[in-house]
Amino acid sequence: MPQGDYIELHRKRHGYQFDHFDRKRKKEAREVHESSDYAQKALGIKGKMFAKKRYAEKALMKKTLAIHEESSSRRKVDEPVHEGAVPAYLLDRDVTTRAKVLSNTIKQKRKEKAGKWEVPLPKVRPVAEDEMFRVVRSGKHKTKQWKRMVTKVTRVGTEFTRKPPKYERFIRPMGLRFTIANVTHPELKCTFNLDIIGIKKNPNGPMYTSLGVVTKGTIIEVNVSELGLVTPGGKVVWGKYAQVTNDPENDGCINAVLLV
Amino acid sequence: MVQYNFKKITVVPSGKDFIDIILSRTQRQTPTVVHKGYAISRLRKFYMRKVKFTQQNFHEKLTAIIDEFPRLDDIHPFYGDLLHVLYNKDHYKLALGQINTARNIIGKIAKDYVKLLKYGDSLYRCKCLKVAALGRMCTVIKRIGPSLAYLEQIRQHMARLPSIDPNTRTILICGYPNVGKSSFINKITRADVDVQPYAFTTKSLFVGHTDYKYLRYQVIDTPGILDRPFEDRNIIEMCSITALAHIRAAVLFFLDISGSCGYSIAQQAALFHSIKALFMNKPLIIVCNKIDLQPLEGLSDDDIKLVMEMKAEASQTVIAQGDEPNDESVFLTMSALTDDGVIAVKNAACERLLNQRVEMKMKSKKINDCLNRFHVAIPKPRDTRERPPCIPQAVLEARAKANVEKEKRKLEKDLENENGGAGVYSANLRKHYILANDEWKEDIMPEILDGHNVYDFVDPDILQRLEELEGEEEGFQLEAEAEEKYFEIDGKELTPEELEALAEIRKKKSLLIQEHRMKKSTAESRPVLPRKFDKDRKFTSERMGRQLSALGLDPTAATNRARCRSVSRRGQKRERSLAREGEDGDAMDIDGEQSSKKLRTRSRSRSKSRSKSQPPGEVTPGEGFRNSSQKLKALKIAKKSVKIRNKTARRGEADRVIPNLKPKHLFSGKRSIGKTSRR
């Protein structure tokens with residue numbers, strides 16, 4: 001029974017097969033041809049996957065080749081130009097920069113007055129009502145059509161209780177109620193699973209905001225206590241706004257970007 | 001008896017391969033075609049099936065991994081400890097735990113997305129949800145990629161562990177590195193352990209098997225142990241310590257008294273005393289190896305004292321067992337290089353182990369079940385009179401003589417036992433051969449000589465044939481001499497024609513002799529037909545004519561007569577030419593010949609239709625048929641074999657035909673002109 005390092009032991013005692021290295025060399029040489037044959041013959045999804053892998057390998061190979069070639073030649077490096085660097089005959093002119101700054105502050109003030117904030121997704125596709133709601137027939141002969149079921153993801157509060165079923169017009173199914181969002185910090189570039197406190201504004205209308213529907217572009221308020229942010233005054237920040245960046249009903253999760 | 005064999009664990013694929021396998025399986029084994037226009041419930045079912053299928057496959061494969069890797073707490077503590085020493089129990093458990101959590105997470109993902117799919121109201125939405133579900137499952141597997149790689153490495157190493165049964169008879173060999181443990185195991189078993197002059201050649205446990213008194217013993221070779229505090233020991237040494245600690249075996253502690261291993265006897269004795277706690281309740285034997293380099297008597301006094309101390313310790317264990325201390329079974333010397341005392345060591349170890357195991361079995365409770373079943377019935381004594389067995393004197397004397405003889409005669413079995421036992425010694429069967437010359441007994445028979453197999457030319461009566469051949473040769477030689485003598489007696493020289501004739505005669509004679517010989521040699525194997533039934537048509541009238549003309553006679557008359565009387569002309573009337581031959585020989589001859597030729601050809605072709613009024617199955621002797629039914633069968637088979645096979649599988653006359661009795665074009669349709677009152 002072979003035990004221990006029997007392969008190495010056999011090699012130590014008897015050496016390699018007399019044509020071992022020849023065969024190995026030839027096999028490696030043949031591999032090139034075989035893989036090209038396979039690449040030409042493979043169809044469908046397998047062909048696509050193989051082509052993708054090959055492309056990545058080729059790109060890497062080209063890069064290494066380029067690096068090798070680079071090191072052998074020397075090149076003149078241009079010095080980067082500093083921002084704001086100005087030729088000598090323009091040295092005393094800084095009026096324009098100041099003007100730019102001014103106009104920026106004016107623009108911001110105007111936006112705040114208008115109630116427009118800077119968000120990652122300023123414009124979203126409008127969602128029609130028949131896309132948002134589905135008609136639920138009720139009544140003895142299923143003729144009454146005043147109930148609506150929400151087809152998008154919703155966030156109801158933690159103390160939410162349904163209205164009596166006879167009177168509730170908008171049904172928010174439990175399967176589509178989410179509580180957690182994957183929030184990305186734009187500067188730290190890392191993602192956290194944070195609790196949603198509530199919906200601040202849904203761009204499709206105030207009705208949706210009050211229902212708690214979460215679509216792409218909705219501003220939500222998330223619980224950031226786990227980030228450990230502190231105000232300059234020393235208070236702990238535990239709620240911040242974030243904007244939803246995906247279609248939650250298509251992905252099964254709410255991805256948002258924190259608004260800093 | 002559980003076999004601790006870790007070779008059956010399935011291969012653990014790497015993270016990327018795992019994902020590829022499962023996803024391609026999902027793509028192959030679930031339906032792939034779906035259209036926007038299908039009913040929504042059908043679309044939902046389609047995608048839910050894919051999600052569930054993927055989750056089930058992941059679950060199956062991960063469960064297989066978790067189940068097949070052994071749980072360190074469930075196996076024998078020897079293996080548990082060995083695996084802990086080699087792979088670190090914590091790391092191992094963590095890896096398996098990660099796989100378990102991954103499995104649960106994938107289950108949860110599938111459940112959640114299947115719930116969401118119920119609310120999917122369009123193909124696009126369901127498809128996105130399915131993609132998201134599969135993607136998340138694959139991310140989970142990607143994350144446990146390092147654990148999978150680690151488990152694969154462990155599996156490969158575990159497969160090469162020796163399969164040691166911790167409960168059977170075992171002999172354990174331990175000692176310092178380089179003292180000769182591996183050489184010893186190579187001698188008594190078939191294990192091929194690497195033996196090299198540097199220390200720590202053996203880096204793990206090796207197992208071999210040997211026989212003693214018809215029982216199989218495991219022999220375990222351990223890596224050498226150095227004398228160090230327990231915490232400092234490395235993994236290799238810990239393997240041996242584990243084996244010593246957990247396996248109840250006979251322990252052979254090897255001492256190198258020549259010091260050629262690089263360590264002095266004092267160091268080895270120190271090691272012995274530091275690990276003697278592990279030798280409790282185990283039969284211990286101190287073995288001094290390498291006595292060919294340094295005999296025991298040549299040691300210095302200090303060394304001898306140390307060795308005696310160790311022997312005393314070993315004897316202690318024997319006393320503890322309850323047996324009386326016997327020097328030979330506690331302290332032995334041997335040399336693995338010169339095979340001196342190797343068998344004695346093995347026998348002593350096996351004997352001690354066997355005795356200990358038998359005693360333990362006797363003491364255990366299980367033996368009572370067996371003991372209850374034996375009962376030696378002794379009849380109650382009638383009175384106090386002694387009645388010894390009555391053996392006649394002659395028998396006693398014969399027995400005594402036989403005993404003496406048996407003692408005098410050395411049995412083959414004794415010889416075998418002396419030289420190492422059943423597996424080691426092979427008896428020399430040649431010493432009882434009966435040959436013409438006794439010196440030939442030990443000869444080696446060659447098998448190939450000059451490129452030929454000798455056995456192709458060996459014959460049991462080859463000597464007899466050789467003599468015959470020589471006799472024949474002598475005979476020929478005598479004949480040749482006689483012939484030559486004949487010429488010499490005559491004196492005069494022969495003329496060239498006479499010489500020619502002589503040569504011809506000789507040639508003909510030799511031809512005849514050759515033919516006769518051929519016929520004689522094949523006479524036994526081939527049945528000879530009488531001449532009148534010659535199938536090959538060798539004995540034709542032409543041949544007769546040729547032979548007669550060769551002799552110098554005119555063959556025409558004889559051939560004509562033969563032809564007249566031939567079988568093919570049996571049904572013919574008498575020829576006119578025969579009557580007219582006397583009148584005009586020449587003309588008639590020519591005519592006769594022509595006409596007879598014509599008749600001959602005609603007769604032959606006609607004869608089969610006319611004169612051969614034989615039924616088809618009639619057997620002519622010489623054809624080889626037993627009776628007519630066999631001949632008919634043979635004719636039938638011959639006809640069938642010539643038939644062409646229908647290899648192209650075309651429709652034949654026996655294949656079912658479904659005729660179209662009312663073809664449509666004949667029974668329907670309007671005519672362009674005229675009436676359709678008849679069809």
Side-chain angles (χ1 to χ4, degrees), chain A residues 1-14 42-50 52-53 56 125 127-128 130-136 148-154 171-180 182 191 193 213-216 246-255, chain B residues 3 5 7 16 19-20 23-24 26-28 32 40 51 109-122 124-133 135-136 156-157 159-164 182 189-196 201-209 220-221 223 239:
Chain A
M1 134 192 98
Q3 39 184 335
D5 286 332
Y6 60 98
I7 300 173
E8 278 87 3
L9 191 60
H10 186 272
R11 285 212 173 126
K12 203 159 63 154
R13 285 185 182 159
H14 308 284
L43 300 171
I45 189 77
K46 280 201 183 148
K48 284 186 195 161
M49 280 167 56
F50 188 75
K52 194 166 158 198
K53 204 166 63 144
R125 186 178 71 92
V127 181
D130 53 3
E131 194 184 328
M132 188 75 81
F133 297 125
R134 184 147 38 120
V135 179
V136 173
R148 298 283 181 275
M149 186 169 87
V150 177
T151 59
K152 307 269 180 200
V153 164
T154 57
I171 302 173
R172 281 164 280 190
M174 277 181 77
L176 291 174
R177 291 185 202 162
F178 281 27
T179 52
I180 297 185
N182 308 325
T191 317
N193 291 357
V213 171
V214 179
T215 54
K216 187 167 180 178
N246 74 329
D247 283 322
E249 73 274 3
N250 283 350
D251 295 333
C253 56
I254 304 178
N255 297 340
Chain B
Q3 276 282 76
N5 197 351
K7 300 185 210 289
K16 202 163 150 302
I19 295 171
D20 280 342
L23 288 182
S24 64
T26 309
Q27 197 232 348
R28 271 183 293 127
T32 51
I40 190 65
V51 171
I109 292 172
K111 207 158 59 154
D112 288 340
Y113 276 85
V114 162
K115 256 198 300 190
L116 276 175
L117 268 166
K118 289 194 205 137
Y119 296 103
D121 49 7
S122 72
Y124 177 70
R125 188 159 154 187
C126 292
K127 187 172 180 181
C128 287
L129 284 168
K130 164 231 171 199
V131 166
R136 273 176 77 166
Q156 283 180 359
H157 195 275
R160 286 184 282 135
L161 287 179
S163 52
I164 298 174
S182 303
T189 71
R190 281 199 66 194
D192 225 352
V193 186
D194 206 18
V195 173
Q196 298 286 347
T201 313
T202 311
K203 291 193 259 288
S204 62
L205 299 175
F206 283 89
V207 75
H209 296 87
I220 302 183
D221 179 25
C239 284

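On a predicted model such as this, the values are computed, not experimentally measured, just so you know.
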Closest non-hydrogen atom pair, [X] against [Y]:
| X | Y | result |
| --- | --- | --- |
| B/S204 | A/G4 | OG-CA, 4.4 Å |
| B/P162 | A/Q3 | CB-OE1, 3.1 Å |
| B/Y119 | A/M149 | CD2-CE, 4.3 Å |

_Would A/R13 and B/D192 count as a salt bridge (charged side-chain N to carboxylate O under 4.0 Å, His left out) here? Give the steps._
CA-CA 11 Å; A/R13 285 185 182 159; B/D192 225 352; 3.1 Å; yes
_List the residues meeting side-chain contact (heavy atoms from CB on, under 4.5 Å) with A/D251, not counting sequence neighbours, and say none if there are none._
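Applying side-chain contact (heavy atoms from CB on, under 4.5 Å) to A/D251 gives A/N246, A/C253.
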Considering only heavy atoms, which portion of [X] lies under 4.5 Å from any heavy atom of chain A: side chain, backbone, both, or neither?
| X | answer |
| --- | --- |
| B/V131 | neither |
| B/D20 | side chain |
| B/L205 | backbone |
| B/Y113 | side chain |
| B/L116 | side chain |

*Report the residues that fulfil salt bridge (Lys or Arg N to Asp or Glu O under 4.0 Å) with A/K12, sequence neighbours left out, ordered by chain and then residue number.*
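If we apply the salt bridge (Lys or Arg N to Asp or Glu O under 4.0 Å) test to A/K12, skipping adjacent residues, the hits are B/D194.
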*Checking A/D247 against chain B: side chain, backbone, both or neither under 4.5 Å from a heavy atom?*
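No part of A/D247 comes within 4.5 Å of chain B.
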*Say you draw a straight line from NZ of A/K46 to CD of B/Q27; how long is it, rounded to the nearest 0.5 Å?*
8.5 Å
*Atom CG in B/L23, atom CD1 in A/I45: separation rounded to 0.5 Å?*
9.5 Å
*Heavy-atom count around B/Y124 OH within 6.0 Å, excluding the residue itself: above 12?*
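12 or below, so no.
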